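Working notes, beginning with the structure itself.
Bear in mind that the values here come from a model prediction, so they are computed numbers and not experimental data.
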Amino acid sequence: MLIKKITFPFTAAIASLCLLSCASHHESSGHETAGVIQAEDASYYFRQGPLSVEIVPDAGGRIGAVQYRGQDVLLADDRTVSFFWGNVFWTSPQRDWGWPPDPVLDSEPYTVLQQDDALILTSAVAPGTGYQFVKRYALDADTSALIIDYQIHNHSDETRTLAAWEITRVPPSGIALFPTGETEFISGQFSPMHTVTIGDITWYEYDHERIESDQKMMTDGAEGWLAYVNDGIALIKEFDDVPAALNVPGEGEIEIYTNAAKTYLEIEQQGPLTELAPGESLSWHVRWHLRALPEGVAAQVGDQALVDWIRNQLGATP
């Protein structure tokens with residue numbers, strides 16, 4: 001097993017700043033604006049052009065909703081009865097914490113610091129693991145990309161080996177695609193997921209008829225992107241590619257999951273396996289690009305024009 005060790009001392013200072021001087025959003029006026037940030041009720045919003053992004057501090061600091069041209073991109077679920085909605089952040093491997101996710105990190109309130117045109121949300125320290133999460137959200141004014149910086153702080157007295165893990169819940173429809181990596185496809189405790197590899201791209205098309213149980217796909221990726229296309233809108237998640245040797249054993253850099261009830265789809269990616277000594281932190285950077293498909297580009301499995309267009313949005317080369 002190869003383990004990459006990363007230390008980011010500056011992140012601890014940011015976390016301390018949030019814990020010591022951040023007021024809860026309930027203590028703000030609820031109407032302050034900094035750049036494209038607007039606070040409404042219990043949520044904050046980034047809005048620019050056709051893009052609207054909701055951040056929900058009271059629900060684990062997650063991304064609650066993303067709209068592009070008024071169309072919902074993430075799963076719009078009943079938030080009062082389920083936590084299977086929006087975009088969340090976990091640590092991998094899951095076997096270290098089981099199920100359900102620790103509510104301190106996944107669903108309980110985060111403190112909020114509004115800093116220039118960014119929001120910095122900080123969790124409490126989880127008593128079981130000693131982890132503390134910090135999530136920084138901002139919009140790139142030039143490209144309208146949503147910039148997400150995740151930080152994991154190890155406040156325990158034990159060295160931890162883990163990876164960052166982003167889970168994005170979207171409606172049970174559409175197509176997911178990513179550049180194929182170097183490892184086999186595995187499903188863990190779930191049923192295998194039907195994917196198709198054409199050339200250097202792996203495709204998954206949601207098909208209700210094929211789903212009779214919980215299904216999952218885990219594997220290595222390449223180029224550092226994972227895309228989801230539905231109803232003419234593309235969500236392209238961009239991140240540093242992880243060498244296959246640094247994938248978490250039994251997991252994958254790229255993961256896709258759907259449930260037997262056919263109520264949601266998850267598109268997920270993980271960072272490199274990292275060793276954190278007590279007091280150390282890691283930082284992981286992700287960019288979301290929301291775009292409408294242009295004429296001549298189809299949301300169809302195997303459409304090379306779609307692949308070329310996605311790579312063009314990222315400036316990527318195969």
Side-chain angles (χ1 to χ4, degrees), residues 50-51 53 63 65-69 71-75 86-89 139-140 143-148 164-182 185 193-207 215-242 247 252-258 264-271 284-318:
L51 177 64
V53 179
I63 301 172
V66 173
Q67 291 188 336
Y68 193 84
R69 295 183 177 177
Q71 178 177 317
D72 285 316
V73 178
L74 303 188
L75 182 70
N87 182 82
V88 297
F89 181 66
L139 278 186
D140 185 315
T143 65
S144 295
L146 178 64
I147 304 169
I148 312 170
W165 185 3
E166 182 182 75
I167 299 90
T168 306
R169 299 181 178 119
V170 295
S173 59
I175 292 175
L177 64 151
F178 61 92
T180 310
E182 301 177 8
F185 291 62
M193 179 169 276
H194 179 75
T195 60
V196 176
T197 299
I198 301 174
D200 58 357
I201 299 295
T202 294
W203 304 77
Y204 170 74
E205 182 173 19
Y206 192 92
D207 182 351
Q215 298 180 357
K216 190 156 192 178
M217 182 282 306
M218 300 178 283
T219 190
D220 182 43
E223 299 181 29
W225 61 265
L226 167 63
Y228 168 72
V229 183
N230 189 37
D231 288 339
I233 304 297
L235 165 60
I236 310 167
K237 304 206 290 182
E238 181 184 14
F239 41 88
D240 288 340
D241 183 40
V242 177
N247 287 343
E253 178 189 10
I254 306 294
E255 302 194 353
I256 303 174
Y257 170 84
T258 191
Y264 65 95
L265 175 68
E266 292 179 344
I267 55 172
E268 316 166 12
Q269 80 277 0
Q270 297 189 7
W284 190 47
H285 182 76
V286 179
R287 294 173 67 92
W288 286 18
H289 307 269
L290 278 297
R291 300 284 189 273
L293 296 186
E295 292 186 11
V297 173
Q300 297 179 354
V301 171
D303 183 35
Q304 187 60 43
L306 175 59
V307 177
D308 293 342
W309 174 78
I310 290 172
R311 284 173 168 154
N312 185 60
Q313 305 309 300
L314 305 176
T317 56

Practice item. Only counting residues at least two apart or in another chain, list the ones meeting side chain to side chain donor-acceptor pair (under 3.5 Å) with Thr219. Key: Thr183

Practice item. For Thr195, enumerate each residue passing the side chain to side chain donor-acceptor pair (under 3.5 Å) test, keeping only those at least two apart in sequence or located in another chain. Key: none

Revision key, fill the gap. All heavy atoms of Tyr257 vs all of Gln215, minimum pair found to be CD1-O, 3.2 Å

**Study point:** Side chains of Leu74 and Val170 in contact at under 4.5 Å (non-hydrogen atoms)
**Key:** yes

Check your understanding: CH2/Trp309 to CD1/Ile236 distance, rounded to the nearest 0.5 angstrom?
Key -> 4.5 Å

Check your understanding: Does a side chain donor of either Thr168 or Asn87 reach within less than 3.5 Å of an acceptor in the other side chain?
Key -> yes

**Study point:** Heavy-atom side-chain contact between Glu166 and Phe239 under 4.5 Å
**Key:** no

Point to revise | salt bridge (charged side-chain N to carboxylate O under 4.0 Å, His left out) against Glu266, all qualifying residues, sequence neighbours excluded | key: Arg169

Point to revise | pair Leu139-Ile147: side-chain heavy atoms closer than 4.5 Å | key: no

Study note, to complete from the structure: On a heavy-atom basis, the closest approach of Val242 and Gln270 is CG2-O, 3.6 Å

Review point. For Thr180, does its backbone N or O pair with a side-chain atom of Thr202 as donor and acceptor, under 3.5 Å?
Key: no

Practice item. With sequence neighbours excluded, tell me which residues meet side chain to side chain donor-acceptor pair (under 3.5 Å) with Gln71. Key: none

Point to revise | Minimum heavy-atom distance between Ala164 and Trp284, given as atom pair plus value | key: CB-CE3, 3.3 Å

Review point. Is the shortest heavy-atom distance from the side chain of Phe178 to the side chain of Gln269 under 4.5 Å?
Key: no

Review point. Does any N or O in the side chain of Glu223 come within less than 3.5 Å of the main-chain N or O of Pro179, such that one atom is a donor and the other an acceptor?
Key: no

Exercise for review: Go through the steps for Ile310 and Arg291 under the test side-chain contact (heavy atoms from CB on, under 4.5 Å), then give the verdict.
Suggested key: CA-CA 9 Å; Ile310 290 172; Arg291 300 284 189 273; over 6 Å; no

Review point. How far apart are the C-alpha atoms of Tyr204 and Met217, what are their side-chain angles, what is the distance that settles it, and do they pass the side-chain contact (heavy atoms from CB on, under 4.5 Å) test?
Key: CA-CA 10 Å; Tyr204 170 74; Met217 182 282 306; over 6 Å; no

Study note, to complete from the structure: Note: Leu265 and Ile256 closest approach over all heavy atoms is CD1-CG2, 3.8 Å

Review point. Is the backbone of Glu182 close enough, under 3.5 Å, to the side chain of Asp220 for a donor and an acceptor to pair up by distance?
Key: yes

Point to revise | side-chain contact (heavy atoms from CB on, under 4.5 Å) between Lys216 and Met193, intermediate numbers included | key: CA-CA 5 Å; Lys216 190 156 192 178; Met193 179 169 276; 5.7 Å; no

What donor-acceptor contacts under 3.5 angstrom involve side-chain atoms of residues 226-235, with partners at least two apart or in another chain?
residue	atom	partner	partner atom	Å
Tyr228	OH	Pro171	O	3.3
Tyr228	OH	Ser173	O	2.9
Tyr228	OH	Asn230	ND2	3.3
Asn230	OD1	Ser173	OG	3.1
Asn230	ND2	Ser173	OG	3.1

Check your understanding: Under a 4.5 Å cut-off applied to non-hydrogen side-chain atoms, are Leu177 and Leu306 in contact?
Key -> yes

Check your understanding: How far apart are the closest heavy atoms of Gly221 and Ile254, and which atoms are they?
Key -> CA-CG1, 3.8 Å

**Study point:** Identified side chain to side chain donor-acceptor pair (under 3.5 Å) counterpart of His289 within the set Gln313, Glu238, Lys237
**Key:** Glu238

**Study point:** Ile63 vs Trp288, side-chain contact (heavy atoms from CB on, under 4.5 Å): CA-CA, chis, key distance, verdict
**Key:** CA-CA 12 Å; Ile63 301 172; Trp288 286 18; 3.7 Å; yes

Exercise for review: List the atom of Leu51, the atom of Ser144, and the distance in Å for their closest heavy-atom pair.
Suggested key: CD2-O, 3.3 Å

Practice item. Could you pull out all residues at least two apart from Ile198 that satisfy side-chain contact (heavy atoms from CB on, under 4.5 Å)? Key: Val196, Trp203, Val301

Check your understanding: Are Glu253 and Asp241 side-chain neighbours, meaning at least one heavy-atom pair lies under 4.5 Å?
Key -> yes

